[in-house]
Amino acid sequence: MSAAPHPRELLLIGGGGEMTLSVDVAVQALEQARARGLRTHVTNRADTLAATPAVTAAADAATAVDFARPGDTADWAAGRAADGERPALVFGVREMAQEAVAATAHALELPGNPPAAVRRIRTKDACRAALAAAGFRQPAVRVCRDASEARAFLAATAGPWVVKPRDGADSAGVRKVTGPDDLPAALAQLPDREAPFLVEEFVDGGEFSVEGVFVGGSPRVLAVTAKEKLPPPYFVEIGHVLPADLPEETRRSVEETVTAALTALELRFGLFHVELWLTAEGIVLGEVHVRIGGGWIHRMLPHVRPGLELYGTVYDDALGLPVDLPASLPAPERAAAARYFAPPEGRVTAVTGWDAVRTHPAVLHAELRVGPGDVVPGFRSGGDRVGAVVVGAATPAEARELARELVASVHFTVEPVEPVDAVDMGDDVPEVRVDLEPRPLTSSFRISHMTIETVDHLRLRLLQGGRTVGEGEITADSGYGQDGPAIAAEAEALARTLAAACDEAHHGADPVAPLRAALEKAAADGVGAPARMLVEMAFLDRAARRAGVPVWRLLGLPEPGRVRLLHTVPIGEDIPLDGRPLKIKLGGADDEQILRSLLGVPAPLILDANRGWDRQDWERLRPLLAELAPAVLEDPVRDPALLPAIRAALPGTAVVLDEGIATAGDAAFAVGTAGGLNVKLMRFGGILPALDALSDATEKGAARMLGCFLEPPRAIAYAAQLAGLCDWSDLDGHFWVSDDRPVPSYGLDSDAPGIPRIAYTPEPARGEAAAI
């Protein structure tokens, strides 16, 4: 009897982002695929997969693949196809994943947009040039690399202007400039201050977007959306109305212009969202996207066009199923509107009126993400939104007014958050300085789902009288979702806020307790773990220097002693056979060959698949693994339900989890399901929260590994303060970041106050040879 055929599969590249809107879009896309009998497989960055459980729960399978590297995604999918796991359809709902979607569809010869066309529209200046060459109105624009080039463009063109990232989303870093004096503040708002940016002429006109879908390679317009934005200098959308209340002739002209532009740009697949202005001179096209618009438009469109399935229409068309969608659709007969909350800045003390809004019969969707105790930031980009209301009504005017009324009926009471400048810093309170520098690795670092070439090096210093009194250093890697400029900004703000309070607390008996409390509050307020680690590092370094002791002694930890390292071998590199413990990166196509080459190797083996195996991989590799009996098996599989069977099959192997282990709850899950964990300070937010997790694991007899990302030597030495509490130390990430020569072990200058330095030539222990 022949095996049953595999069901056709949708490969959803990029999954959903962590914002609720992005999760909702991804879940809808998966549900509409499932309704068509399609198996679904989601890919995303490992940390985002862990942070979006609703998306992974809606899919049949999930794999950590970095969509920011389109070629890697295409290669991974081609490898699966060669093994008989070929999807029927490749799709993506996130802006940043569209290049990977196009590259993968092209590699597999599936329906999709040409990769070159997607790269063109994702690069805003290239898209403007292509539209202008095709005869469409476009504002003048220039790619600038520094302030001097921006000032030259201002001098040569008529203002006002707009400064924006060359590639971005959610209006982040977009700011209006009326003259050269406005430039410094606008450039300071760019998400990546080192990257080239755009300066373009400001377009004065009403803003709209056109939403649609490609059928048979041709664009079909579903609706025109009217936008409402906050006043400049920022350009954040505060509301949408769909359909836009436009004269029929204007609507037709807008639709014809957009469909002609999409054809000229050689786009032909999926959904589209095209922005434009209606000016006195006519239609001026803005940005072009091959995904659905944000702002809950994906909820509004099915309301105004009953029966419409946005993603299902794409799937039906790609699979050759009939699609009943004429080339020219009449205007929708009902309307919808979305509006965002924009409460005043400050700490929320009370919210009233929310229950009545969320239960209103006209509400299609409502969410509010802040409550008493939360701090409301300034409203400068889509990422600053704290909630929204989406309503349906008979007409655009009624929908707009109802959305405004409901949002206005929710009242926020806030209290000011005392600005740092208002704090009496005194002579003894340090100045905070943060520096960021992109740094190429000494060699490429490849694991199962990505290859790392460059990291951002961040250094936070506490200065008094021009002298460094406390210092923290980390690196950030975008492949792990670590945004260097954002971490730098978070860390600087947190350090400035803590400086006075922690200095005052220094005069008490315990300098650590107030710092711990402040950092725990920062975590509750949403400050990211890398920023908290950087700040904790600088302040603990300062406290230890003041006390005249190393950090490990300040915290009452066992002396780290000699740090004996695992030798990490990325995928594709030669495996040394010199007897030291080997940490072998797996999760690639050659895993079976690599494992066979390790048979008989006289060294402890630590195998790390980075969640690269599914059930089929485990069953195929299980006999080899049982024969090898590795000392540690790290993150073997994507599905935690397989862990009990793995532990039973490898009774002498410690199984530890790493990916996604970032909180005390995660640590408890790792100990309970796998029996061990790998602690990385960049995930936990520093030594103090990591110490809590390790202490609990020790009490429960779990296996404990101390890990790192690709980090500078100072960050590695900081993590090594915990080495005396762990079974294994995987602390060699600095060898890819610095010029330090790899060695099998090292000591610490562990009598020096503050964060000890790494010492590569310590006195050897009795009966032991020196490390180098």
Side-chain angles (χ1 to χ4, degrees), residues 14 17 19 22 67-70 94-100 118-131 138-154 157 160-177 182-203 207 209 227 229-230 232-237 273-275 277 285-291 293-295 377-385 436-438 454 456 476-479 481-490:
M19 295 180 66
S22 185
F67 59 81
R69 303 177 190 275
R94 298 177 68 186
E95 175 69 24
M96 300 300 183
Q98 294 307 324
E99 288 190 54
V118 175
R119 282 195 299 273
R120 185 185 302 120
I121 65 169
R122 292 276 297 117
T123 308
K124 297 173 184 178
D125 52 297
C127 186
R128 291 234 182 277
L131 288 171
Q138 291 287 276
V141 63
R142 177 172 175 177
V143 180
C144 300
R145 289 164 181 79
D146 54 36
S148 63
E149 291 187 3
R151 284 193 294 270
F153 180 75
L154 266 60
T157 53
W161 304 266
V162 176
V163 172
K164 62 172 65 174
R166 196 178 187 192
D167 175 16
D170 283 335
S171 300
V174 181
R175 184 158 177 164
K176 185 178 181 181
V177 169
D182 294 343
L183 264 179
L187 298 182
Q189 295 290 329
L190 290 168
D192 184 350
R193 301 182 193 180
E194 302 300 321
F197 57 93
L198 301 184
V199 183
E200 66 181 32
E201 291 178 320
F202 174 76
V203 179
E207 294 195 39
S209 65
K227 298 184 177 186
K229 293 195 171 186
L230 292 176
Y234 303 105
F235 291 83
V236 188
E237 294 168 6
H273 169 74
V274 181
E275 299 170 355
W277 296 270
L285 291 174
E287 295 178 12
V288 177
H289 308 275
V290 281
R291 44 91 175 160
F379 202 173
R380 294 178 173 84
S381 75
D384 294 326
R385 292 168 178 153
L436 183 151
E437 174 194 0
T454 304
D456 283 338
D477 171 44
S478 61
Q482 298 163 353
D483 183 332
I487 293 169
E490 270 194 311

* Asked: Do Gln138 and Leu285 come close enough that some side-chain heavy atom pair is under 4.5 Å?
  -> yes

* Asked: Considering all heavy atoms of both residues, which atom of Ser22 and which atom of Gly17 are nearest to each other, and what is their separation?
  -> OG-N, 2.6 Å

* Quick one: are Glu99 and Arg119 in side-chain contact, heavy atoms under 4.5 Å? -> yes

* In Å and rounded to the nearest 0.5 Å, what is the CG to CG distance from Leu187 to Asp146? -> 9.0 Å

* Nearest heavy atoms of Gly484 and Ala476, plus distance in Å -> CA-CB, 3.9 Å

* For Glu287 and Lys124, run salt bridge (Lys or Arg N to Asp or Glu O under 4.0 Å): C-alpha distance rounded to whole Å, both residues' side-chain angles, the deciding distance at 0.1 Å, then the answer. => CA-CA 7 Å; Glu287 295 178 12; Lys124 297 173 184 178; 3.4 Å; yes

* Structure fact -> For Gly14 and Ala97 the tightest heavy-atom approach is CA-CB, 4.0 Å

* **Partner set under side chain to side chain donor-acceptor pair (under 3.5 Å) for Thr157, not counting sequence neighbours** => Trp161

* **side-chain contact (heavy atoms from CB on, under 4.5 Å) partners for Ala152, two or more places apart** => Arg142

* To do: Considering non-hydrogen atoms only, spot the tightest contact between Ala100 and Phe67 and give its length.
  => CB-O, 3.5 Å

* Asked: Once you round to the nearest 0.5 Å, how far does CG of Leu131 lie from CZ of Arg120?
  -> 9.5 Å

* To do: Taking all non-hydrogen atoms of both residues into account, name the closest pair between Leu183 and Ala147 and its distance.
  => CD1-O, 4.2 Å

* Asked: At what distance, to the nearest 0.5 angstrom, does NE2 of His289 lie from OG of Ser209?
  -> 9.0 Å

* **Partners meeting side-chain contact (heavy atoms from CB on, under 4.5 Å) with Ala186 (sequence neighbours left out)** => Val163, Arg175, Val177

* Structure fact -> side chain to side chain donor-acceptor pair (under 3.5 Å) filter on Arg94, not counting sequence neighbours, yields Asn44

* Interatomic distance, Leu198 atom CG to Asp125 atom CG [nearest 0.5 angstrom] -> 5.0 Å

* Does Val199 reach the side chain of Val141, with side-chain heavy atoms less than 4.5 Å apart? -> no

* Just jot down the side chain to side chain donor-acceptor pair (under 3.5 Å) partners of Glu200, sequence neighbours excluded, or say none. => Arg128, Lys164

* To do: For Ala140, check side-chain contact (heavy atoms from CB on, under 4.5 Å) against everything at least two apart and list the hits.
  => Phe153, Glu201

* Of all the heavy-atom pairs spanning Pro485 and Asp456, show the shortest one and how long it is. => CD-OD2, 3.8 Å

